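Since the structure comes first, as structure tokens, the remarks are kept for the end.
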Amino acid sequence: MDDMNPFYHSSGFMNLLQSQQEDMSQFASGSTEVPAFSSQLSEEGSEEEGNEASDVKPKQSISRKKWTAKEDIVLVSAWLNTSKDPVIGNDQQGQSFWKRIAAYVAASPSLDGMPKREHAQCKQRWAKVNKIVTKFVGCHKTATTHKTSGQSEDDVMKLAHEIYYNDTKKNFTLDHAWRELKFDQKWCDQTTRGGKDNAKRRKCGDGNASSQPINVEDDSVMTRPPGVKAAKAKGRKSATVNEGKKPATSKGEAGQSVEHFQNLWELKEKDWDRREKQSKYQMLENLLSRTEPLSDIDFEIPFFQHRRDATGRFGHSPIQKCTAAIRLLAYGYASDAVDEYLRMGESTAMSCLENFTEGIISFFGDEYLRAPTATDLRRLLNIGKIRGFLGMIGSLDCMHWEWKNCPTAWKGQYTRGSGKPTIVLEAVASQDLWIWHAFFGPPGTLNDINILDRSPIFDDILQGRAPNVNYKVNGREYHLAYYLTDGIYPKWATFIQSIRLPQTRKDTLFATHQEAARKDVERAFGVLQARFHIIKNPALVWDKEKIGNIMKACIILHNMIVEDERDGYNTQFDVSEFLQVEGNQTSQVDLSYSTVVMIMVVVVVIIVLVVVVVTIVVGGGDGWRMRRFT
């Protein structure tokens, strides 16, 4: 291509090449002449320039001046005040923004005598301070999460400095800037949003970038909420689009949904394990810090442990919490009434009551809500034999507890003729008022027969787990125990009702004894309500399950009292002295004496009245007065 170009064959170009070759040959042979087009200078020229340079003094090197703590504090306050401008804020050019900050710093009276800083220097210094302080904020949060009881704020700061040094291999020297920024809301919002900020920046009116990055995904900043008409139109449009779409039934989509669900379940399990380990570590730390001996309740019910609150002070003691729960059960008043006596709020008192009832049920429910054992059955059958009812183990009846805070949607189901919603308790009680069976929860609209259909009272008999009972009445042998009930219950072999309108002396005697013995369950209900007024008064709790726990706890405590006082019942008087025991070990009451006396009195009164009437009719009034005087 060089041969084809005519420029390379011109005479001028050839002369230029020959002149360059001659000059280079002279320079190589040791000539001191320098080509005209060379960039080198002659010795004379260099000497002249050296003489001129000797007349000018050399420039001194500029030393960098470090920022002091006072300058950092002024810079931080300048950035906060400038960015919080209610009129402009951050919506300005970056150069104008930092010029305003540099002017604020220069005008500060606390920096008199110090060199002025340019806006570029302020911008670089702020970027460095912001980056270092943001890293330290994360270290401080980590140290705060590892804070244990007994550590002060100085210990947390020391740990934060150690974490920062381990991460950056440098010491944190901007404590003054961190203390100025840590409580500022604008800076905290910026640091928390910093990880999600997009690289894009908002544009001002002149097209320059803003001084602060704005999150493009933040709807509250970037977009305005749609109006009513736009929202309705969007809803109609989405509805039409959804109608046109077909449900996804492909195997790939189903597999993705199952895989997504499994991933969520794994994350949830990991979260549960982490929380469980954290609670165990906290419990272990509390136990190690205690000096007094530990009981079983301390391990089972953490609510009743004497712990410290967030400020390091001890909270309510276990005695206070148990006292509050017992007072609510015994007196039945509102939960905020214990504040006057125990200095405890309403919500804390309700928590004490809930945890107390749950603890009573978990610890003592198996013993004091049990079915009668073989020993208990022998004792109950012996008592029934002495009272004249062979094979009787208790009396059965129901009680209603008013539910004041019953949900409105359930009132029709729980309201009976009285107009107030109630919850029913079915119970079996013996002569000593021990409650052997308790079935609580049916709505108040059910009668005793409907509740009996739901009750588990005969589950042991149906499943063949009931103990064998053998006794004879009138020469006939029986193998099932029975309960004394009122007339609403069905005519079953396990129920003995009274006789309505007895006609003979035998029926009257049986009805009298049966009604007297059947009152055991009524007395048990009365004593239960007298001991625990929370059952006597309307229930103030919303949750039905919590109401059931309260009822169970009251029955357990009632049986505890019965067990403690049972041995003292027979020491007051001997029942056998008032009973006429015969060979068949049944009670007999002789009513012939009282009946004969009443008949004789009635006959005498009738005779006197007949004599008086006959005398008045036959003799008249005067004759009666004459005979009376004679």
Side-chain angles (χ1 to χ4, degrees), residues 144-145 147-151 272 275-276 278-365 368 401-407 423 440 528-529 531-558 560-561:
T144 305
T145 56
K147 181 181 179 181
T148 58
S149 59
Q151 288 187 348
W272 287 341
R275 291 185 180 182
E276 186 178 359
Q278 186 177 1
S279 62
K280 289 182 179 179
Y281 290 154
Q282 184 177 3
M283 185 181 296
L284 179 61
E285 183 180 354
N286 295 333
L287 295 176
L288 293 176
S289 62
R290 296 185 58 173
T291 57
E292 63 272 9
L294 302 175
S295 60
D296 295 337
I297 299 179
D298 293 331
F299 293 97
E300 297 293 338
I301 307 178
F303 179 81
F304 290 98
Q305 297 176 2
H306 200 191
R307 297 174 294 180
R308 296 180 183 270
D309 56 8
T311 61
R313 297 179 298 178
F314 278 106
H316 298 291
S317 64
I319 297 178
Q320 283 180 288
K321 296 177 181 178
C322 294
T323 304
I326 294 174
R327 286 178 69 89
L328 291 176
L329 292 176
Y331 296 109
Y333 44 55
S335 57
D336 56 353
V338 298
D339 182 36
E340 181 180 359
Y341 181 70
L342 296 172
R343 308 292 296 174
M344 186 180 296
E346 179 181 3
S347 59
T348 307
M350 288 301 300
S351 299
C352 294
L353 179 61
E354 294 171 10
N355 288 274
F356 182 79
T357 54
E358 291 177 359
I360 289 294
I361 295 171
S362 61
F363 279 98
F364 305 104
Y368 291 95
W401 184 11
E402 182 182 347
W403 190 4
K404 182 179 180 180
N405 290 331
C406 176
I423 306 176
F440 182 78
L528 183 65
Q529 292 178 344
R531 285 174 176 167
F532 304 101
H533 282 199
I534 193 172
I535 301 176
K536 184 178 180 180
N537 299 333
L540 303 178
V541 184
W542 294 87
D543 193 352
K544 184 180 177 182
E545 183 178 357
K546 295 178 182 179
I547 297 176
N549 291 337
I550 293 173
M551 176 62 75
K552 291 180 182 179
C554 292
I555 293 173
I556 290 172
L557 296 175
H558 168 78
M560 287 183 181
I561 300 172

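Start at 1 with the first residue, then count along the sequence. A quick note: this is a predicted structure, and the numbers were derived from the prediction, not measured.
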Output all residues satisfying salt bridge (Lys or Arg N to Asp or Glu O under 4.0 Å) with K546, sequence neighbours left out; order by chain, then residue number. E354
Could you state the interatomic distance from CG (L557) to NZ (K552), rounded to the nearest 0.5 Å? 14.0 Å
Any donor-acceptor pair under 3.5 Å linking the side chain of T348 with the backbone of M344? no
With sequence neighbours left out, what residues match Y341 under side chain to side chain donor-acceptor pair (under 3.5 Å)? none
Would you check if the side chain of H306 reaches a backbone N or O of F314 as a donor-acceptor pair within less than 3.5 Å? no
Mind checking the CD1-CG spacing from I534 to L328? Nearest 0.5 Å is all I need. 6.5 Å
Rounded to the nearest 0.5 Å, what separates atom OH in Y331 from atom NE2 in H533? 9.5 Å
Report the residues that fulfil side chain to side chain donor-acceptor pair (under 3.5 Å) with H558, sequence neighbours left out, ordered by chain and then residue number. R531
The side chain to side chain donor-acceptor pair (under 3.5 Å) partners of K544 (sequence neighbours excluded) come to Y414
On the 0 to 90° scale, with breaks at 30° and 60°, tag the F304-F356 ring pair as parallel, tilted or perpendicular. perpendicular
Is it true that a side-chain atom of W401 and a backbone atom of N537 form a donor plus acceptor pair closer than 3.5 Å? yes
Any donor-acceptor N/O pair, N405 side chain to L540 backbone, under 3.5 Å: yes
Which residues share a salt bridge (Lys or Arg N to Asp or Glu O under 4.0 Å) with E402, sequence neighbours left out: none
Test side chain to side chain contact (heavy atoms under 4.5 Å, CB included) on S335 and L353; report intermediate values, then the result. CA-CA 9 Å; S335 57; L353 179 61; over 6 Å; no
List the residues meeting ring-ring contact (aromatic ring centres under 6.0 Å, His included) with F303, not counting sequence neighbours, and say none if there are none. none
Note: C554 and L329 closest approach over all heavy atoms is SG-CD2, 4.0 Å
